[in-house]
Engineer: 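The structure is given below, and queries will be raised subsequently.
All figures in this text were calculated on a predicted structure; none of them were measured in a lab. Chain A is the first sequence line, chain B the second, and so forth, proteins listed ahead of strands; every chain is numbered from 1.
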Amino acid sequence: MLSNADVAAKLLEIRTLMEMAGMSFYKYMAFEKAAASVENAPPLRDIAAAGELTKLPSIGKSIAVVITQLLERGGADALDELYAIFPPTIVEVLGVSGIGAKTAASLWSDFQIGSLADLEAAIEGEVFAGVPRMGPKTIENWKRGILAYKGRQRRMPLARALRIAHEAMDYLRAGPAHDRLVYAGSARRQEVTVGDIDLVCTASDAAAITAYFAKWERARAVLAEGATKTSIWLDDGFQIDLRVLPDHLYGNLLQHFTGSREHNIKLREYAVRKSLRVSENGILNLETGDAITCADEPGVYEALGMAYIPPELRTGLDEIDRALAGTLPALLDARDLRGDFHMHCTWSDGRDSLEAMIAAAKARGYDYHAISDHSWGRGRTYGLDPEKLREQRALVEELSARVGMRTFCASEVDILPDGAMDFDDDVLAQLDVVIASVHSAFNIGREAMTARIIRACENPFVTIIGHPTGRMLGSFPGYDFDHDAVFAAAARTGTALEIDGQAQRLDLPAPLARRAKELGVTFTVDSDAHGVEDLTEIELGVGQARRAGLTKEDVLNTRSYEDVRAFISRKRGRA
DNA sequence: GCCGTTTTCGGCCCGACTGTTTTCAGTCG
C-alpha cells in the first residue's frame, strides 16, 4: 500500500509528464495542487475506505479515481497512458537540474533520449554540437546537474537542515553589512524534511552580499548569481538560495520565501479577486496603482484583510479561509511549556548522568520534568528492573530536592505484543508518570497492533503513549494500526498522546495529531532526550504540534504541576 | 482538473536568473 508521500510523488510525476505531453497548464497544475493536499492529509487508505477522497481540498472526481487506482495497484490509467508516450525512466532526465519539461520532451522526440544513461551517452558523443539552444554552457550545466542528481540525497531531516542554515547565516554575518537575516522556506514552516534552504536577507547593498555568498568556501557550485539572488550547491548537492532586498520590503520578502508554493498561489489568487498583486516586491493595487510595502510579515496579511497565518499552517489547504473567518487557532508556543516528560540518563541508554539531566531541566527554566528511563524488557541489558527503579527513585528525590526541581519519577515502559505492560501494576503504581511505548514486534498486523495500543491506553497507570506511530524518518514508516480507534481510546481513557521531538522521530506526525485533536485527545510535547544537548529537541516537537494546529490548551505540559498531578490522578481514579 | 462572499461556467500567482536570445523561452522557486 502506497504511503501519502508515495501517492503525492506519483501525482507529481503525472503532472510533469502531462506538461511534457503538451496538456493544458491548468490540468497539470491541478495534479500539483492535489499532490500538496495529499502530503498534508491523514493516511489516504482510511480516507479512501470511507469514500471521502473528494472531501480533501483540490481533489475532485477525476483525481480521486487516480488516487484510488494508485492505492489499489500502485499505478493508474492516467500514468499508463503517459508511459505509452514517454518511457518511465524519463523522470531521471527531468531530475537533472536545468532540464525541465520542454527540454526533456524535445530530448525524447528529437534524440530518443529517455534515460540518464541515454543523456550521458549523447553528451559523451557530442550529439548536441551545433544544435540550437544547446550551446556549451547549457551542456556544462547539464553535466553538473547529472553529477548532482547521482550524488544527491533527496530531502534531509529538519534538524540537519536547520544546522546548515545556521552555518550559512554565521558566514553571512561575517560579511558585508546587512539589516535582517533569517531562514525561510520549508525549514521555517517546520516541515519534517527539507529539500533546500531559503535564506532571506535585507540590506542596502544587496549585490555585495550575493557576491559574498557565492564565494563561500563550502559552495561546490554556484547555480545562479544575480543582483538580488544567489543559489549554491554544497558538496552533497544540497541547495541554498539567498535572496536580498531593501529592509522596507522585509515583510513581503519573508512572506514570499516562506511559502509554501501552494499557500502563495492561493493567497495571490485571493488577492487578485481584490485587484491586488502580491509578490516579494510589495502589494500593488491594480486599480489605484498604489504600492504597499511591509517592513514586517504580519503587515502582509493585514493588508490583505486577514488574520496573520503562522508559517506552520501555510500548507495551501484551508488556512486562508480560516484566516478570513478569524477561526485560526492560537498555536502552542515553546514558551508555554512548563516541563518535559520524556528524557533518559545513564541509568538506561542516555549519555549524561541523572544529576546532569535534572540540572539541565532546571537550567531550561522548567517547573517540572520527568526522568523516564527504559523498562527492563526485551532482554536488553540497560533497562531498569523494579529493584533498580526503587533505587533510582531514592536518588531522584535526593538530587531534585538539592537542585530545587520537581522531578517526576517515571519510566518508558514497553508495551508487550499482547498489550500488557512490561511492569506489573504494583510497580507502575509507584511511578508518578508512565510512558507506554511500542519498541518491538512491529509486524503483528493491523488489528493486533490496534488492540495492543488500546489495551495500553486502558491501563489506568499509563499516562502517555510514547512516539505513537513508531516511525523513523527515512527508514521506517511506522507500524500499522487503526489510528482513529486508538485516538478515540486515548480520548476516552484520559491517556495523553506524545509528540516526540527527537529529530528522527517527530511522532505523532502533524496530520495524525490534527486528527487526534478532532477526536478530543490531550497531548504531551517531549524531547525524548538521551543527553543534555538533546533537550532542545522539544522545540522540534513544538513545531510539529503547531503544524497540527494544537493550542496551549491541548498540551498537558503547559499546565501547572498541580494540574498535571490532577490529570494523572483522574485517570487512575477511573480504575 | 478544480472550484465558488461575481458559484455549475469561466477563470486560474508572480518574478529572478540563464543562455544565446538581438527580444525571450525555459527553468526554478
Engineer: Using a heavy-atom cut-off of 4.0 Å across all strands, would you classify A:I59 as base, sugar-phosphate, or nothing?
Structural biologist: sugar-phosphate

Engineer: Counting only heavy atoms from other residues, nucleotides and ligands, does the tally under 6.0 Å from CZ of A:R322 exceed 12?
Structural biologist: yes

Engineer: Check whether A:F476 forms a cation-pi arrangement with A:R471 (NZ or CZ under 6.0 Å from the six-membered ring centre, at most 45° off the ring normal).
Structural biologist: no

Engineer: Using a heavy-atom cut-off of under 4.0 Å over every strand shown, decide if A:I265 touches base, sugar-phosphate, or nothing.
Structural biologist: base

Engineer: Where does the chain A footprint on DNA chain B start and end, counting 5' to 3' with a 4.0 Å heavy-atom cut-off?
Structural biologist: B:dG1 to B:dG29

Engineer: Identify whether any heavy atom of A:E32 sits under 4.0 Å from a base atom; if not, whether one sits that close to sugar-phosphate; answer base, sugar-phosphate or nothing.
Structural biologist: nothing

Engineer: Classify the nucleic acid contact of A:T103 as base, sugar-phosphate or nothing, counting any heavy atom under 4.0 Å across all strands shown.
Structural biologist: sugar-phosphate

Engineer: Paired with B:dT8 by Watson-Crick or G-U wobble geometry, both distances under 3.5 Å: which nucleotide is it?
Structural biologist: none

Engineer: Between A:F86 and A:Y83, does a ring-ring contact (aromatic ring centres under 6.0 Å, His included) hold up when you go through it step by step?
Structural biologist: CA-CA 5 Å; A:F86 305 105; A:Y83 283 159; 9.6 Å; no

Engineer: Other residues, nucleotides and ligands only: do more than 12 of their heavy atoms fall within 6.0 Å of CZ on A:R73?
Structural biologist: yes

Engineer: Classify A:T228 by what it touches in the nucleic acid, base, sugar-phosphate, or nothing, heavy-atom distance under 4.0 Å.
Structural biologist: sugar-phosphate

Engineer: Just to be sure I understand the rule, does A:K102 reach a base, reach only the sugar-phosphate, or reach nothing, if contact means heavy atoms closer than 4.0 Å?
Structural biologist: sugar-phosphate

Engineer: Classify the nucleic acid contact of A:R133 as base, sugar-phosphate or nothing, counting any heavy atom under 4.0 Å across all strands shown.
Structural biologist: base

Engineer: Remember a base hit wins even if backbone is also touched, and classify A:A34 as base, sugar-phosphate or nothing at under 4.0 Å, heavy atoms.
Structural biologist: nothing

Engineer: Contact class for A:K61 vs. all strands (heavy atom < 4.0 Å): base, sugar-phosphate, or nothing?
Structural biologist: sugar-phosphate

Engineer: Need to verify one output field. Residue with the more 5' nearest nucleotide on DNA chain B, A:N264 or A:M18?
Structural biologist: A:M18

Engineer: Would you classify A:A271 as touching base, sugar-phosphate or nothing, given that sugar-phosphate means primed atoms plus P, OP1 and OP2, and contacts are heavy atoms under 4.0 Å?
Structural biologist: nothing

Engineer: May I ask you to say what A:P57 touches in the nucleic acid, namely base, sugar-phosphate or nothing, with a heavy-atom cut-off under 4.0 Å?
Structural biologist: sugar-phosphate

Engineer: Contact class for A:I99 vs. all strands (heavy atom < 4.0 Å): base, sugar-phosphate, or nothing?
Structural biologist: sugar-phosphate

Engineer: Check the side chains of A:E537 and A:S527 for a donor-acceptor pair under 3.5 angstrom, ignoring hydrogens and angles.
Structural biologist: no

